[in-house]
Amino acid sequence: MRYSQFSQRAARWAGAAAALAGACLLSGCVWFDGPQSTLVPEGPVARDQLRIFYVTCWVTLFIFVVVGSVLAYAMVRFRARSEADEHAAPPDQGHGNPMVEVSLIGASVFALVIIAVPTLKGIWYSFDVPEDEKANAYEITATGYQWWFKFEYTGETAQTLDPTGKPASAPLTTGNELVIPAGRPVRIALRAVDVIHSFWIPKLAGKVDMIPNRANHLWIEADKPGYFWGQCAEFCGESHAVMRFRVIALGPREFNEWLNNQMAPARRAEAVPGKPKPQFAAYRTFRQNEAGYTDAFEASPLDAWRRQQKPDDAEDTDLIAKGRALFQSKTCVSCHTIRGDGAVGVTGPELTHVGARTTIAGGLLENNRDELHRWIHNPGAVKPGNKMWVSGYLLNNIKLTPEDEDALVSYLRSLK
Ligand code: CUA
């Protein structure tokens, strides 16, 4: 192939690649809005971080265009135009030009300053709640475990109640679903008990590491009520990829309603006269590690969360009571807390109101009867290496019959 033919072909390919990249960029706003998109932020911290990203992108795009144009010009202007050119001796070689070199250094420094100013401002801004909003900030402590998140409502008046209605000493604690007030800064203290995790809610703020024996923090704010996806963003063992959580932002009235309900001890399902007892499905077998860990809600995620706060239509109180007894006899109580039902373990997530969450198993599975069955039937198949399986089921030789599973599922579902 002749030199000039080759360069023409190369130029054509380069043109096609540039057009494709342009099309991707132009349609990016449509393509890149998923539940974990950082390009469609829904709070001031994430918005500020996106602004820095754009400044960096524009500066580097400018440099790319300038350097690319000079390169393209040189390729076209000085290409070999004939057979004789291809074999000609190279032209005289230069030995640097002080003017060009000084300008290049100056331009590079200038480009770095343009990026550094908003970056430094952004680092200060995202570090902590702005002074004038500090008094209004809500305080929460998030702790990373292999492989789930604990949330403690350490600030304000979130006080758990014992069964007699008196305040208990422990702060209100939830697992894997963080409910926050919308339109209000939330300061989150970050802790870890085992290994390094990283706390990340892409639509609300960038990630910050949770490190054992080190007190980190970050702050977030949701513009309006919504349902946000979060995940661990630091490799922390075999189930790191499925260590997820959710953030639910609520308006002030709904948030207080939620808070009041959470402070109460475990709910007791009551027999509703006239309502038929439900027919429970027979034993189900679940394929191990099957795909389809899904977040496919029929309604909007926030509406699905709201629906989840209400008790199931038909509750079998006998089955629920059997489930409660099983929860105690099968040693579940030594790892989980269910306030008011005699479960006080702190190794696993607190479950006092687990039925009101949209997800189970560290934000991995949707919280419905089928997925609860699948989870308690064989937790190790869903989340490899987890403590409930390894130190719970295997160590204590826990065996559940299909009827046991039905009862436990009914009990957990009733904890609204
Ligand atoms: Cu925790 Cu990755």
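Every number for a ligand or one of its atoms is a count from 1 in the order of the listing. When reading the values below, keep in mind they use all heavy atoms of this one structure, side chains included, and skip hydrogens, waters and symmetry mates.
In this structure, the ring of Tyr145 has its center no less than 6.0 angstrom from the ring center of His197. Here Trp229 and Tyr227 bring their ring centres to under 6.0 angstrom of each other.
Residue-level check: among N/O/S atoms of Glu234, O sits closest to atom 2 (Cu) of ligand 1. His197 contributes ND1 as its N, O or S atom closest to atom 1 (Cu) of ligand 1.
Aromatic ring pairs are classed by plane angle as parallel below 30°, tilted from 30° to 60° and perpendicular above 60°; the pair Phe78 and Tyr73 is perpendicular.
Using modelled atom types, one side-chain atom of Gln146 and one backbone atom of Cys236 make a donor-acceptor pair closer than 3.5 Å.
Under 2.8 Å from atom 1 (Cu) of ligand 1 lies no N/O/S atom of His240, from backbone or side chain alike. For atom 1 (Cu) of ligand 1, the set of nearby N, O or S atoms under 2.8 Å includes one belonging to Met243. At a cut-off of 2.8 Å, Cys232 coordinates atom 2 (Cu) of ligand 1 through an N, O or S atom.
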Self-check item: side chain to side chain donor-acceptor pair (under 3.5 Å) assessment of Glu350 paired with Thr352
Solution: CA-CA 6 Å; Glu350 112 98 69; Thr352 308; 2.4 Å; yes
